[in-house]
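First comes the structure, then the notes that go with it.
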Amino acid sequence: DDQVIIPGDTTIRRSRNEYYRNTAILRFNHQFGLNDIAYAEFLHSFLRNDDPTIEDNDRYQPTVGLNYWFSPQYGLETMARYTRGNYSQDIEFQGIPTDNFDNWSGSLKFINMLTRNFSLYAQYDHAYRKYDGSDFYDDYHLYSPSAGIQYSVSEDLYLAFGLGYFYQDFDRDDKEDGLFGSGEIRKSWKYRRGSITLLGLAGLDQNEFGAQRLGLERFVSVRGDAQYSFTRNLVGNV
C-alpha cells in the first residue's frame, strides 16, 4: 500500500543518556489476483544504550504470509513469523539479565464478506517462546482466538472491531488468561497532491525490544500521518 511503517518504542526511559536505534525492513510482495498476495519480509533492529542500566538488544525477524480469496465472498489471511532476540549488558548492569530467546508465531484469519463493504472474521493466533536456558525466564505457549467485524463505511473511512481471549500457558504450570479487544479506525482526507490520515489501533502484542521488556500486553495506539507529493516520484510525509 506504499506505506513504510517502522515499529516505534512505547517503553519508558528514566535517564537522558544517549542511545542509538535502527530498524531495517526488506519486503517482497507478489500479487497474483485482485486481492491475492504472497509476501516475504525480513526485519532487523538493534538498540544500543549509553545507560548501563538498560540492556542492548538485536532482533532478527523473517516473516512469510499469504492472503487468498477462494471466492468473492470467502477469504483467508495467514502469516508465519520467527523472531530471534539477543540481549547484552554493560559491565555495570545490575539486575537479572534478559535471556536470549527464539519465538515462533503465526495467525490464521477467515473472512466472510456479507456485502461489498461489510464482513465478519474469525482469527486464531499462536506463539511459542523458547528461552536459551536461564532459570529466571519460563518458556510458554500463547493461544489467542478472536472474532469481529470489518466495515468500509466509505473510501476514506474504515472500521474494524473484535473481541478475543488469550491463554498464556507457562512450562512451570503457571498461566495467565483474559479477554482483549482489537480494533482499527482509519479516517483519511485526500487533497489534490496530498492526504491526511488518522489511525486508531487496539489489540494484543509481545513488547520485548524497547528500553523495558514489557512482555505480553494489551495496547491502544493513535497515529497521525500527513503526506504530500512534491513531484511524481518524490513524496514526503510527517
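- Using a 4.5 Å cut-off on side-chain heavy atoms (C-beta onward), Glu208 and Arg129 make contact.
- Using modelled atom types, one side-chain atom of Asn100 and one backbone atom of Tyr87 make a donor-acceptor pair closer than 3.5 Å.
- With hydrogens and angles left out, the side-chain atoms of Asp125 and Gln123 include a donor and acceptor closer than 3.5 Å.
- Remark: the Asn49 side chain and the Arg13 side chain contain an N/O donor-acceptor pair separated by less than 3.5 Å.
- No donor-acceptor contact under 3.5 angstrom links the side chains of Asn233 and Thr231, judged on distance only.
- Side-chain atoms of Phe118 and Ile149, non-hydrogen and from C-beta on, do get closer than 4.5 Å to each other.
- Looking at Leu204 and Leu216, their side chains come closer than 4.5 Å, going by heavy atoms from C-beta outward.
- Put simply, the side chain of Glu77 never gets that close to the backbone of Tyr68: no donor and acceptor are under 3.5 Å apart.
- Leu34 and Tyr74 are assigned to two separate hydrophobic clusters, defined by single-linkage of ILVMFWY side chains at heavy-atom distances under 4.5 Å.
- Side-chain heavy atoms closer than 4.5 Å link hydrophobic residues (I, L, V, M, F, W, Y) into clusters, and following such links, even through other members, never connects Val238 to Tyr191.
- Between Glu18 and Arg48, no side-chain nitrogen of the basic residue sits less than 4.0 Å from a carboxylate oxygen of the acidic one, so the salt-bridge criterion is not met.
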Exercise. Report the C-alpha separation of Leu76 and Phe70 in whole Å, then their side-chain angles, then the decisive distance to 0.1 Å, and conclude whether the side chain to side chain contact (heavy atoms under 4.5 Å, CB included) test is met.
Key: CA-CA 8 Å; Leu76 171 70; Phe70 304 100; 3.8 Å; yes
Quiz item: Should Arg27 and Asn29 be marked as a side chain to side chain donor-acceptor pair (under 3.5 Å) after you check the CA-CA gap, both sets of side-chain angles, and the distance that decides it?
Solution: CA-CA 7 Å; Arg27 183 181 175 101; Asn29 293 330; 3.0 Å; yes
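- The shortest heavy-atom contact between Pro97 and Tyr137 is O-CE1, 3.3 Å.
- Residues Leu201 and Phe219 have side chains in contact (heavy-atom distance under 4.5 Å, counting atoms from C-beta outward).
- In this structure a side-chain-to-backbone donor-acceptor pair under 3.5 Å is present from Thr78 to Ser107.
- Residues Tyr82 and Tyr60 have side chains not in contact (no heavy-atom distance under 4.5 Å, counting atoms from C-beta outward).
- Side-chain contact between Glu184 and Leu199: present, with at least one pair of heavy atoms (C-beta onward) separated by less than 4.5 Å.
- A salt bridge between Lys130 and Asp139 is present, with a side-chain N of the basic residue lying under 4.0 Å from a carboxylate O of the acidic one.
- Nearest heavy atom pair, residue Val64 against residue Ala40, reads CG1-CB, 4.3 Å.
- Exactly one residue among Phe101, Phe166, Phe170 makes a ring-ring contact (aromatic ring centres under 6.0 Å, His included) with Tyr140. That residue is Phe170.
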Self-check item: Stepwise side chain to side chain donor-acceptor pair (under 3.5 Å) check, Tyr128 with His126
Solution: CA-CA 7 Å; Tyr128 174 60; His126 187 93; over 6 Å; no
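- Formation of a donor-acceptor pair under 3.5 Å by the Ser152 side chain with backbone atoms of Ser154 is not found in this model.
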Exercise. Just do the salt bridge (Lys or Arg N to Asp or Glu O under 4.0 Å) check on Arg84 and Asp132 with the steps written out, would you?
Key: CA-CA 11 Å; Arg84 174 64 181 178; Asp132 280 1; 2.9 Å; yes
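- Minimum interatomic distance between Gly210 and Arg21 (heavy atoms only, all atoms of both residues): CA-NH2, 3.7 Å.
- Of all the heavy atoms in Ser144 and Phe180, the pair that sits closest is CB-CE2, 4.0 Å.
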Quiz item: Is there a side chain to side chain donor-acceptor pair (under 3.5 Å) between Asp225 and Thr197 once you walk through the steps?
Solution: CA-CA 5 Å; Asp225 179 86; Thr197 301; 5.0 Å; no
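- Using a 3.5 Å distance cut-off with no hydrogens or angles, the side chains of Asp56 and Gln89 do not pair a donor with an acceptor.
- Aromatic ring centres of Tyr167 and Tyr165: separated by at least 6.0 Å.
- Contact record, Leu66 with Phe32: CD1-CZ, 3.8 Å, taken as the closest heavy-atom pair.
- The closest donor-acceptor contact from the side chain of Arg193 to the backbone of Phe230 lies under 3.5 Å.
- By the rule that hydrophobic residues join a cluster once side-chain heavy atoms approach within less than 4.5 Å of another member, Tyr158 and Trp189 end up as members of separate clusters.
- Between the side chain of Asp36 and the backbone N or O of Trp69 there is at least one donor-acceptor pair closer than 3.5 Å.
- We find the CD1-CD distance between Ile196 and Gln227 to be 11.5 Å, quoted to the nearest 0.5 Å.
- Between the side chains of Ser188 and Ser195, not a single donor N or O lies within less than 3.5 Å of an accepting N or O.
- Minimum heavy-atom separation, Gly164 to Ser146: CA-CB, 3.6 Å.
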Exercise. Please report the C-alpha distance between Asp169 and Glu176 in whole Å, then the side-chain angles of each, then the deciding distance to 0.1 Å, and finally whether the side chain to side chain contact (heavy atoms under 4.5 Å, CB included) criterion is met.
Key: CA-CA 7 Å; Asp169 185 15; Glu176 292 184 11; over 6 Å; no
Quiz item: Given the rule in the side chain to side chain contact (heavy atoms under 4.5 Å, CB included) test, do Phe110 and Leu108 qualify, once you have shown the distances and angles that lead to the verdict?
Solution: CA-CA 7 Å; Phe110 291 96; Leu108 191 63; 3.8 Å; yes
Quiz item: Would His44 and Gln61 satisfy side chain to side chain contact (heavy atoms under 4.5 Å, CB included), going step by step from the backbone distance to the final call?
Solution: CA-CA 6 Å; His44 173 252; Gln61 185 173 278; over 6 Å; no
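- The residues Asp156 and Lys187 are annotated as salt-bridged, a charged nitrogen and a carboxylate oxygen being separated by less than 4.0 angstrom.
- Lys190 has a carboxylate O that lies under 4.0 Å from a charged side-chain N of Glu155, or vice versa, which qualifies the two as a salt bridge.
- Distance check, rounded to the nearest 0.5 Å: CG of Asn57 to CZ of Phe209 gives 6.0 Å.
- Between Thr83 and Arg59, some side-chain heavy-atom pair lies under the 4.5 Å cut-off.
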Quiz item: Where do Glu217 and Asn207 land on the side chain to side chain donor-acceptor pair (under 3.5 Å) test, with the steps shown first?
Solution: CA-CA 7 Å; Glu217 64 172 2; Asn207 193 342; 2.9 Å; yes
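- Within the 4.5 Å cutoff, no side-chain heavy atoms of Asn112 are placed close to those of Tyr121.
- Between the side chains of Tyr151 and Asn117, no donor-acceptor pair of N or O atoms lies under 3.5 Å.
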